[in-house]
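In what follows, a single structure is set out as structure tokens and then discussed.
The structure presented is a predicted model; accordingly, all values stated were derived computationally and were not measured. Any value given below was found using the heavy atoms of this structure, including those in side chains, with hydrogens, waters and symmetry copies removed.
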Amino acid sequence: KVPFVWGPSHDAEWWHRWWDTNKVKFSPEVAALTIPNLHIQNSPKQAGFIRRGRRLRMVDNDPQQTYYLITPGLTGLKSALPRTISAVNGNIKREASGTIGLIVVLAGGDGNGDYLSYYWLDAVSKALHDKYMIALAVAPRWSPKQSIAWLTRGGRNTVQEARFTTEPLVAAIVRDVEARYPIDASKVFLHGVAEGGMAAYACSLEATTPFKGFYILDSTFHSALLPSLTFAKNRRYILQNSQTDKQIPFWLVSAGAALLRKQGALVRLSAVTGDRDYKFSGDHWQPVEEAVNWLESGNKN
């Protein structure tokens, strides 16, 4: 008897893998059964509609470049079809003009963004009002001895097996999503939480970046572990941390904000209440909504 379990990590793909592994536990007659392929008739495509959900994606079919894409319900939002028309040397050129944003998320812990799926499936509507897609990156595992989930350029030599680091990975994820959906390039942000925060800082210090802002939550700041802060100039950061956090003291985050401002970055430092990793007190969605609204706004304070 198999208990019924469903969730973002127990989809059809998960059950196929489960059956391949566990069918040997059943009688030969049952083990010989296969999961049937059902013909599903697609409903007519409708402008402006994208089904809310979560999909596992791979960039260039590379299992080390994996992310979970969370798409909102976009009823009435014409993000799939807007076009701008321009004449170039007498030729009419049509280009996609996206209205939906994208947030790439670097999770804490082992860097597998899957564990944040439940949270972001709700946050897309309750905090972001169906205006953003979320790409939950999965940290590549290059070696059983790898001690850092998010390997950045500064630590590349510590894992000889690595083919690339986090900086090009997140840029590749953005390109992959943009190839499928007309994303508004002015609303592409990188978010790092806990251990993912330092990797997000490192990505923000690349000479060129597709990200227009960086949202760091509950993360330390160690400039000695980062590249030069030169490229922080004119880039936007919102840092959120609890003033009572004993693991990541607020003064350390504040010192990081000061260093970034000294390099010409636009920084907002915001105190939040509650436990770590989105366990906010009070309105659970307000801190995320505040962070993204500020990144969008262009405000300097």
Side-chain angles (χ1 to χ4, degrees), residues 68 103-120 122-123 127 134 136-141 145-155 158-159 165-167 169-170 189-205 211 213-227 229 232 235-263 265 267-292 294-295:
Y68 291 92
I103 301 174
V104 178
V105 179
L106 303 182
D110 64 0
N112 188 342
D114 186 23
Y115 86 93
L116 295 178
S117 294
Y118 284 111
Y119 176 82
W120 282 105
D122 281 342
I134 306 298
L136 300 171
V138 177
R141 294 297 299 174
K145 298 179 181 179
Q146 182 176 331
S147 60
I148 301 174
W150 295 109
L151 186 68
T152 59
R153 295 192 195 279
T158 64
V159 183
T165 59
T166 304
E167 296 92 338
L169 171 63
V170 293
F189 306 128
L190 181 62
H191 171 43
V193 57
E195 293 86 353
M198 277 294 288
Y201 278 127
C203 294
S204 78
L205 299 170
F211 300 104
F214 304 90
Y215 171 23
I216 314 295
L217 173 65
D218 292 337
S219 176
T220 187
F221 182 95
H222 290 300
S223 58
L225 302 178
L226 293 170
L229 303 183
R235 293 183 179 171
R236 298 178 63 78
Y237 298 81
I238 180 163
L239 317 182
Q240 290 181 342
N241 207 78
S242 171
Q243 290 184 322
T244 59
D245 190 337
K246 295 181 180 179
Q247 184 175 346
I248 308 295
F250 195 81
W251 66 263
L252 184 59
V253 180
S254 180
L259 286 174
L260 290 169
R261 289 189 183 112
K262 188 175 181 180
Q263 294 296 324
V267 183
R268 180 169 186 174
L269 177 59
S270 178
V272 294
T273 58
D275 294 331
R276 301 174 58 78
D277 286 5
Y278 311 109
K279 298 181 180 71
F280 304 113
S281 299
D283 185 340
H284 294 287
W285 310 112
Q286 187 274 334
V288 174
E289 183 174 8
E290 172 204 345
V292 175
W294 183 82
L295 291 174

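Residue A149 comes nearest to G111 through the heavy atom pair CB-N, 4.0 Å, listed as atom of the first residue, atom of the second, then distance. Annotation for R261 and L269: closest pair NH2-N, 4.0 Å, computed over non-hydrogen atoms. Contact record, A194 with G108: CB-CA, 4.1 Å, taken as the closest heavy-atom pair. Taking all atoms of both residues into account, the shortest heavy-atom contact from A271 to Q243 is CB-CG, 3.7 Å. Looking at every heavy atom in both residues, F250 comes nearest to S270 through CE1-O, 4.3 Å. When all heavy atoms of G113 and A107 are compared, the pair lying nearest together is CA-CB, 4.0 Å.
Not counting sequence neighbours, S281 has no partner by the side-chain hydrogen bond (donor to acceptor under 3.5 Å, both in side chains) test. Remark: K145 engages S143 in a side-chain contact (heavy atoms from CB on, under 4.5 Å) (not counting sequence neighbours). In this view, L259 and F221, S223, L229 satisfy the side-chain contact (heavy atoms from CB on, under 4.5 Å) rule, not counting sequence neighbours. Under the ring pair (Phe, Tyr, Trp, His ring centres under 6.0 Å) criterion, W294 pairs with no residue at all, not counting sequence neighbours.
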Do any side-chain atoms of residues 198-205 form donor-acceptor pairs under 3.5 angstrom with protein atoms, and if so which ones, sequence neighbours left out?
residue	atom	partner	partner atom	Å
S204	OG	Y201	O	2.6
S204	OG	Y237	OH	2.7

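In this structure, V104 and F189 have side chains that are not in contact, with every pair of non-hydrogen atoms separated by 4.5 Å or more. E290 is not listed as a side-chain neighbour of W285, based on a closest heavy-atom distance of 4.5 Å or more. You'll find the side chain of N241 stays beyond 4.5 Å of the side chain of L217, heavy atoms only. At least one side-chain heavy atom of L295 sits under 4.5 Å from a side-chain heavy atom of Y215. For the pair R268 and Q240, the minimum side-chain heavy-atom distance is 4.5 Å or more. Using a 4.5 Å heavy-atom cutoff, the side chains of I134 and Y68 are not in contact.
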Could you walk me through whether H222 and L252 pass side chain to side chain contact (heavy atoms under 4.5 Å, CB included), step by step? CA-CA 9 Å; H222 290 300; L252 184 59; 4.2 Å; yes

Hey, mind stepping through F214 and I238 against side chain to side chain contact (heavy atoms under 4.5 Å, CB included) and telling me if it holds? CA-CA 6 Å; F214 304 90; I238 180 163; over 6 Å; no

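Taking CG of L136 as the start and CG of L106 as the end, the distance is 10.0 Å to the nearest 0.5 Å. Taking CD1 from I216 and CD1 from I248, the interatomic distance works out to 12.0 Å, rounded to the nearest 0.5 Å. Taken from OG1 in T158 to CG in L151, the straight-line distance is 5.0 Å, to the nearest 0.5 Å. Taken to the nearest 0.5 Å, the CG atom of L190 stands 10.5 Å off from the CD atom of E167. D218 contributes atom CG, which lies 11.0 Å from atom CG of L239 (distance to the nearest 0.5 angstrom).
Proximity of a side-chain donor or acceptor of W150 to a complementary backbone N or O of T165 within less than 3.5 Å is not detected. In terms of modelled atom types and a separation under 3.5 Å, the side chain of H191 and the main chain of V105 share no donor-acceptor contact. Checked by atom type and distance alone, the side chain of Q263 never pairs as donor or acceptor with a backbone atom of A265 at under 3.5 Å.
Ring-plane geometry between Y119 and Y278 is classed as parallel, the angle between the planes falling under 30 degrees on a 0 to 90 degree scale with a further cut at 60.
Under the salt bridge (Lys or Arg N to Asp or Glu O under 4.0 Å) criterion, the residue pairs touching residues 240-256 are D245-R276, with sequence neighbours excluded.
Side-chain N/O atoms of S219 and E195 include no donor and acceptor closer than 3.5 Å.
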